[in-house]
Student: 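One structure follows; several queries about it will come next.
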Protein chains: 2
Amino acid sequence: MANIYDVARRAKVSVATVSAVINDSAYVSPLLRARVTKAVAELVYKPNLLARSLATQQSRTLGMIVPDISNPFWPAVVRGAEDRAHAAGYTLLISNSDDNPCKQELYLNLFLAKRVDGILLAKAPGPLTGDAGQQIASGKTCVVQMLRVDAKWKGDAVLLDDEDAAYEAVAHLLRLGYRRIGILSGPPNVQTAARRLAGYRRALRDSGVKPERALQYEGDFRLRSGTEGGLVLLKKKPEAVFVANYLMAVGFMMAVRQYRLRCPQDVALVTCDDHPWLDAFTPRLTTVNFPKYELGAEAARVLLARLGSRDRPPERVELRSALCVRESCGALLQEPVR
Amino acid sequence: MANIYDVARRAKVSVATVSAVINDSAYVSPLLRARVTKAVAELVYKPNLLARSLATQQSRTLGMIVPDISNPFWPAVVRGAEDRAHAAGYTLLISNSDDNPCKQELYLNLFLAKRVDGILLAKAPGPLTGDAGQQIASGKTCVVQMLRVDAKWKGDAVLLDDEDAAYEAVAHLLRLGYRRIGILSGPPNVQTAARRLAGYRRALRDSGVKPERALQYEGDFRLRSGTEGGLVLLKKKPEAVFVANYLMAVGFMMAVRQYRLRCPQDVALVTCDDHPWLDAFTPRLTTVNFPKYELGAEAARVLLARLGSRDRPPERVELRSALCVRESCGALLQEPVR
DNA sequence: TTCCGATGGCAAACATCTACGACGTGGCAC
DNA sequence: GTGCCACGTCGTAGATGTTTGCCATCGGAA
């Protein structure tokens, strides 16, 4: 592949002139400009962005770490981040951590070694460790934490209103008259899970209902644990259940089916994460809809802004969710009790 | 950030020695090796992979272009590709083409400029154009086409058995006794869509049923067109419908609901793409399950093999789908007619 | 003493950007 | 009319951080 010297030779100018034309970084006379443009076209010259990155000390590449792209929560987030990044001329490097701190550190180091300009991070549980953790904590590499955030993280972050979302979901169930309300929560060391559990508890207490340990099951955000949790919880005859993510809700519905119960008649359900396909099935799930695309887009926006000026104050954005009432909560079936 | 000269200086050796230690590419005496290792640790030295890529002429980065990561078909494919790539020490650069040839060319050029070692491509409709198209056709850049393939593409490809899959799906409906079978197909310029339509036609003809134009609706693989197509098709009173992808099936079910029809009693349904959550809802959809994860993993495997030896014969892999019978086809309801 | 093998260092190459210097020309002033 | 200065252009060279071929050196063995 042709390099800048080939172009310079063919156009009979210096490489600096070629560079100036390509980057429009200095005045070049129309005559030379034309010669350069012609040579570029003839040689099908494409600047080597690796070399450019080396010289300019910026790669125009962003790293993004998500727990698992095949979990239906994440694709929209990635898409949002990517649209923003591409619009600003950045490319996205993507990795799946499986919420495994070791993998996460591995990929973080890889990103650092590849000299990404910044990182979008949906952190695995636990603090950031190792050299990469140091590097990030020191602020030398820009990072925006998404969704989950270190307790002592002072940098940029884009969050969801997990606690309020759970509160609203459970408050909705309470308004419909349910009292024995269970929860299928996520792993307690994952912050979103902890916050949703807190929201559930607060909602119950605000209505004078004492949260029962027996109605709380700790899942791991995966489908199978939804079924397992469902099988356990349903034995306790809850009137309604709040499930802390979509995949577990699906698992939960399989447990409901297994017990030959009807939803919402026998047990009502509210869950998290809305999806385009939820309108199509029976029963249609009532969910709190998190703005997934916006989450990714916002995170990218904040990171790009940070790259633009390192000394601006840290930004902490909290995106608002919205309750999306459908059938599984029973609202369309029965009248509110009070 | 420390560079290799800093390490060499601190260890009192030459950069070549440091490089030899880091890459284990030449014999270095234990004494010097120890000095180098110590210096690397003290300086928290991480080789600059941009510079390394420039020197070695390989970036250990793969580009991947998919139509849209937020379409539930693709995340599993991406995950499969990524797992393979990472296992071999490669990183993945990802872009969404929205099946738009312009965007695709843009990203292709970007990847080429970033000197990716190879590209995983789920091609947008139409031939590969522009400089990038040239470069790829000339074989100078390794590409594996996934799912869809240029008519005159001579290189590696990993495909699905679309036609057979559709054939099996429709044959299953025919075995159940349905005769008026409609199809909600994808855009005809997308190859998977064309092949699925062909499979549908062949299955009908093999059973002596004449395909009716009126029972064929051309969608665009998106949810909305599923509903629109459903509203049109259902007026024609088909006994069963084959829907060519998952998102349109969801849309179709919304049309069914709108007409207050029951599935499968009033209209049976078989569709494509299985998902973990399909077991949870009513009616459970009968699908042909495409091995999405394997598609990505295979494509990455083939690409990596190609990078290993450029002169091996082109590989063309066809992955097999499997019919997954559930409720929406009516098999669990009624007895076969014949 | 000489030769060979084992080590290690120098410098070029990878492809770019850019600071700085040089050259030429035009205008103005003496 | 001539000389000088300034500005507009362009090119040289060094910097970015690696890898690696080739050469030099040192020590030991024959």
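Here is how names work: the chains are called A, B, and so on, in the same order as the sequence lines, proteins then strands, and each is numbered from 1.
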Student: According to a strict under-4.0 Å criterion, is Asn48(B) in side-chain N/O contact with OP1 or OP2 of dG17(D)?
Tutor: no
Student: Counting only side-chain heavy atoms from C-beta out, which of dT12(D), dT18(D), dA15(C) sits nearest to Asn3(B)?
Tutor: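 So the nucleotide nearest the side chain must be dT18(D).
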Student: Nearest whole Å is fine: how far is dA12(C) P from Tyr5(A) OH?
Tutor: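 My rounded result for the distance is 14 Å.
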Student: Could you walk me through whether Arg10(B) and Asp6(B) satisfy the salt bridge (charged side-chain N to carboxylate O under 4.0 Å, His left out) test, starting with their C-alpha distance in whole Å, then the side-chain angles of each, then the deciding distance to 0.1 Å, before giving a yes or no?
Tutor: CA-CA 6 Å; Arg10(B) 178 176 269 254; Asp6(B) 299 329; over 6 Å; no
Student: After noting the C-alpha distance and the side-chain angles of Arg79(B) and Glu82(B), does the key distance pass the salt bridge (charged side-chain N to carboxylate O under 4.0 Å, His left out) rule?
Tutor: CA-CA 5 Å; Arg79(B) 183 70 210 247; Glu82(B) 215 185 298; 5.8 Å; no
Student: Just wondering, are more than 12 heavy atoms of other shown residues or ligands nearer than 6.0 Å to CD in Glu42(A)?
Tutor: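 Buried by this count: over 12 neighbours within 6.0 Å.
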Student: For Tyr90(A), is there any backbone N or O sitting under 3.5 Å from a side-chain donor or acceptor partner on Arg60(A)?
Tutor: no
Student: Over 60° means perpendicular and under 30° means parallel, so tell me whether Phe73(A) and Phe290(A) are parallel, tilted or perpendicular.
Tutor: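 The rings of Phe73(A) and Phe290(A) stand perpendicular, inter-plane angle above 60°.
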Student: So, is Ser14(B) close to the dG8(C) phosphate, meaning a side-chain N or O under 4.0 Å from OP1 or OP2?
Tutor: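 For Ser14(B), the contact criterion (side-chain N or O under 4.0 Å from OP1 or OP2 of dG8(C)) is not met.
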Student: Ala16(B) side chain: which of dT18(D), dA19(C), dT20(D) is closest?
Tutor: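 So the nucleotide nearest the side chain must be dT20(D).
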Student: For Gln134(B), does the CD atom have more than 12 heavy-atom neighbours from other residues, nucleotides or ligands under 6.0 Å away?
Tutor: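 It does not: Gln134(B) CD has 12 such atoms or fewer within range.
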Student: How many Å lie between CD1 on Ile22(A) and C1' on dT16(C), as a whole number?
Tutor: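 It works out to 10 Å between those atoms.
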Student: Rounded to the Å, how far apart are Leu49(A) CG and dT16(C) C1'?
Tutor: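 In whole Å, dT16(C) C1' and Leu49(A) CG are 10 Å from each other.
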Student: Rounded to whole angstroms, how far apart are CD1 on Ile4(B) and C1' on dC10(C)?
Tutor: 14 Å
Student: Let me know, please, whether Lys12(B) or Lys46(A) comes out on the 5' side of the other along DNA chain C by nearest nucleotide.
Tutor: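 Counting from the 5' end, the first nearest nucleotide belongs to Lys12(B).
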Student: How many Å lie between CG on Asp24(A) and P on dC17(C), as a whole number?
Tutor: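 Nearest whole value for this atom pair: 13 Å.
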Student: Take the protein atom CZ of Arg9(B) and the nucleotide atom C1' of dG9(C), then report the distance between them rounded to whole Å.
Tutor: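 In whole Å, dG9(C) C1' lies 15 Å from Arg9(B) CZ.
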Student: Quick one about Thr129(B) and Glu105(B) (side-chain donor to acceptor, distance below 3.5 Å, no hydrogens or angles considered), yes or no?
Tutor: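 Present: a donor and an acceptor within the cut-off.
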Student: Do Ser59(B) and Lys114(B) pair up side chain to side chain, a donor and an acceptor below 3.5 Å, judged on atom types alone?
Tutor: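 Note: Ser59(B) and Lys114(B) side chains miss the donor-acceptor criterion.
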Student: So with a 6.0 Å cut-off around CZ of Arg222(B), is the heavy-atom count from everything else above 12?
Tutor: no
Student: Quick one: Leu43(A) CG to dA15(C) C1', roughly how many Å, whole number?
Tutor: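 Distance check: Leu43(A) CG to dA15(C) C1' gives 15 Å.
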Student: At what distance, to the nearest 0.5 angstrom, does CD1 of Ile136(B) lie from OG of Ser138(B)?
Tutor: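 Separation between the atoms: 9.0 Å.
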Student: Atom CE of Met1(B) and atom P of dG17(D): how far apart are they, to the nearest Å?
Tutor: 11 Å
Student: OP1, OP2 of dC17(C) versus side-chain N and O of Asn23(A): anything below 4.0 Å?
Tutor: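 Indeed, a polar side-chain atom of Asn23(A) lies that close.
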Student: Kindly state which residues belonging to residues 50-63 of chain B come within less than 4.0 angstrom of DNA chain C, counting heavy atoms of the residue only, listed by number.
Tutor: Leu54(B), Ala55(B), Gln57(B)
Student: Mind checking Thr17(B) for me? I need base, sugar-phosphate or nothing, with any heavy atom below 4.0 Å counting as a touch.
Tutor: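 Contact class for Thr17(B): sugar-phosphate only.
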Student: Scan residues 27-39 of chain B against DNA chain C and write down, sorted by residue number, each residue with any heavy atom closer than 4.0 Å; if none is found, say none.
Tutor: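 By residue number: Tyr27(B), Val28(B), Ser29(B), Leu32(B).
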